[in-house]
Chemist: 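Shown below is the structure under consideration.
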Amino acid sequence: MKQMAAVGLLVLGAVLSGCSGSGHGNAHDEDEEPACVDGFEGWWNSTPVSGDTTGLPEETVTVDTATGKTIDAFNRSRNDAGKPTAVSDVSFQPVRDESWPADSVVVIDTSTGKVIETIAVDPGTQLCH
């Protein structure tokens with residue numbers, strides 16, 4: 001139980017802080033692109049301690065609800081092979097839905113096209129595209 005609680009806290013911390021994996025990082029020079037968030041970690045792209053991924057999505061995209069643009073992608077097979085998943089590696093094209101909440105991102109399972117997670121984003125947060 002302690003191990004599961006620790007994993008839950010780690011996942012929660014990653015979701016709350018965002019995961020800036022594209023190298024956009026914090027900009028210090030005025031000429032640099034401002035810092036942005038381009039990905040989130042959660043149950044959908046993690047591997048349980050047991051290693052059993054039964055029931056977890058094989059591939060997901062994270063979509064900015066304001067623009068309908070995909071900002072992050074995850075493919076379990078690529079990840080297991082030690083390769084990152086670029087947005088361009090995923091052929092799924094999300095269709096913006098007016099019911100998606102404002103100031104959020106949605107995580108979509110590409111095999112079903114269904115939203116499996118909604119994450120509120122503080123207004124003014126720059127999402128990488």
Side-chain angles (χ1 to χ4, degrees):
M1 185 68 163
K2 288 181 184 179
Q3 190 174 29
M4 189 169 204
V7 170
L9 288 174
L10 289 172
V11 169
L12 177 62
V15 166
L16 293 175
S17 65
C19 175
S20 184
S22 69
H24 288 92
N26 294 325
H28 297 289
D29 289 344
E30 291 179 22
D31 296 335
E32 288 185 41
E33 183 178 325
C36 57
V37 177
D38 68 347
F40 296 86
E41 297 289 329
W43 64 268
W44 60 89
N45 58 3
S46 63
T47 301
V49 174
S50 67
D52 182 8
T53 59
T54 304
L56 293 176
E58 180 65 28
E59 183 176 77
T60 61
V61 292
T62 304
V63 180
D64 179 353
T65 62
T67 64
K69 292 185 179 180
T70 300
I71 63 167
D72 191 30
F74 172 78
N75 180 287
R76 195 164 301 282
S77 296
R78 288 184 63 83
N79 186 65
D80 289 349
K83 300 175 185 174
T85 307
V87 171
S88 60
D89 293 331
V90 176
S91 62
F92 182 83
Q93 296 297 315
V95 176
R96 190 166 179 259
D97 186 331
E98 294 299 323
S99 70
W100 291 345
D103 299 319
S104 300
V105 296
V106 290
V107 179
I108 300 172
D109 181 339
T110 63
S111 70
T112 64
K114 296 190 184 294
V115 172
I116 59 173
E117 190 75 32
T118 300
I119 303 165
V121 178
D122 289 334
T125 299
Q126 179 70 31
L127 297 173
C128 303
H129 290 236

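Everything quoted here is computed from the prediction, not taken from an experiment. Positions are given from 1, in the same order as the sequence printed here.
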Chemist: What distance separates L56 CG from S46 OG, expressed to the nearest 0.5 Å?
Modeler: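 Going from CG on L56 over to OG on S46, the span is 6.5 Å.
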Chemist: List for me each residue that meets side-chain contact (heavy atoms from CB on, under 4.5 Å) alongside T54, sequence neighbours excluded, and say none if there are none.
Modeler: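 side-chain contact (heavy atoms from CB on, under 4.5 Å) list for T54, sorted by chain: D52.
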Chemist: Might you point out which heavy atoms bring S104 and T65 nearest each other, and give the distance in Å?
Modeler: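 That closest heavy-atom pairing would be O-OG1, 2.9 Å.
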Chemist: For residues 57-75, which residue pairs pass the salt bridge (Lys or Arg N to Asp or Glu O under 4.0 Å) check, not counting sequence neighbours?
Modeler: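 Those involving residues 57-75 do not exist here.
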Chemist: Please report the shortest heavy-atom distance between W44 and F74, naming the atom on each side.
Modeler: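 That closest heavy-atom pairing would be O-CE2, 4.0 Å.
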Chemist: So, for T85 and N75, which heavy atoms are closest and what is the spacing to 0.1 Å?
Modeler: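 For T85 versus N75, the nearest heavy atoms are OG1-N, 3.1 Å.
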Chemist: So how far is it from I71 CD1 to T62 OG1, rounded to the nearest 0.5 Å?
Modeler: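 Going from CD1 on I71 over to OG1 on T62, the span is 6.0 Å.
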Chemist: Below 4.5 Å, heavy atoms only, C-beta onward: do V37 and C128 meet side chain to side chain?
Modeler: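 Side chain of V37 against side chain of C128, heavy atoms only: no contact under 4.5 Å found.
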Chemist: May I have all residue pairs that pass salt bridge (Lys or Arg N to Asp or Glu O under 4.0 Å) and include part of residues 82-111, sequence neighbours excluded?
Modeler: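 Every pair satisfying salt bridge (Lys or Arg N to Asp or Glu O under 4.0 Å) with a residue in residues 82-111: R78-D89, R96-E98.
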Chemist: Over all heavy atoms of both residues, which pair between A73 and A86 is shortest? Give the atoms and the distance, please.
Modeler: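 Distance-wise, the nearest heavy atoms are CB-O, 4.0 Å.
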Chemist: As an exercise, state the distance from CD of Q93 to OG1 of T70, rounded to the nearest 0.5 Å.
Modeler: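 One finds 6.5 Å between CD of Q93 and OG1 of T70.
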Chemist: Please report the shortest heavy-atom distance between G68 and P94, naming the atom on each side.
Modeler: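 The answer is O-CG, 3.8 Å.
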Chemist: Mind checking side-chain hydrogen bond (donor to acceptor under 3.5 Å, both in side chains) for T112 and listing every partner two or more places apart, or none if nothing turns up?
Modeler: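 side-chain hydrogen bond (donor to acceptor under 3.5 Å, both in side chains) list for T112, sorted by chain: empty.
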Chemist: Could you list the cluster mates of V106? Members are the ILVMFWY residues connected by side-chain heavy atoms closer than 4.5 Å, either directly or through other members.
Modeler: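 So far as hydrophobic clustering goes, V106 is joined with V61, V63, V90, F92, W100, I108, V115.
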Chemist: Within a strict 4.5 Å, meaning less than it, do heavy atoms of the W43 and E117 side chains meet?
Modeler: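 Side-chain contact under 4.5 Å: yes.
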Chemist: Do you know the tightest heavy-atom contact between I116 and P57?
Modeler: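 In this case the closest contact between I116 and P57 is CD1-CG, 3.8 Å.
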Chemist: Not counting sequence neighbours, which residues clear side-chain hydrogen bond (donor to acceptor under 3.5 Å, both in side chains) with D80? List them please.
Modeler: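 Scan of D80 (side-chain hydrogen bond (donor to acceptor under 3.5 Å, both in side chains), adjacent residues dropped) gives none.
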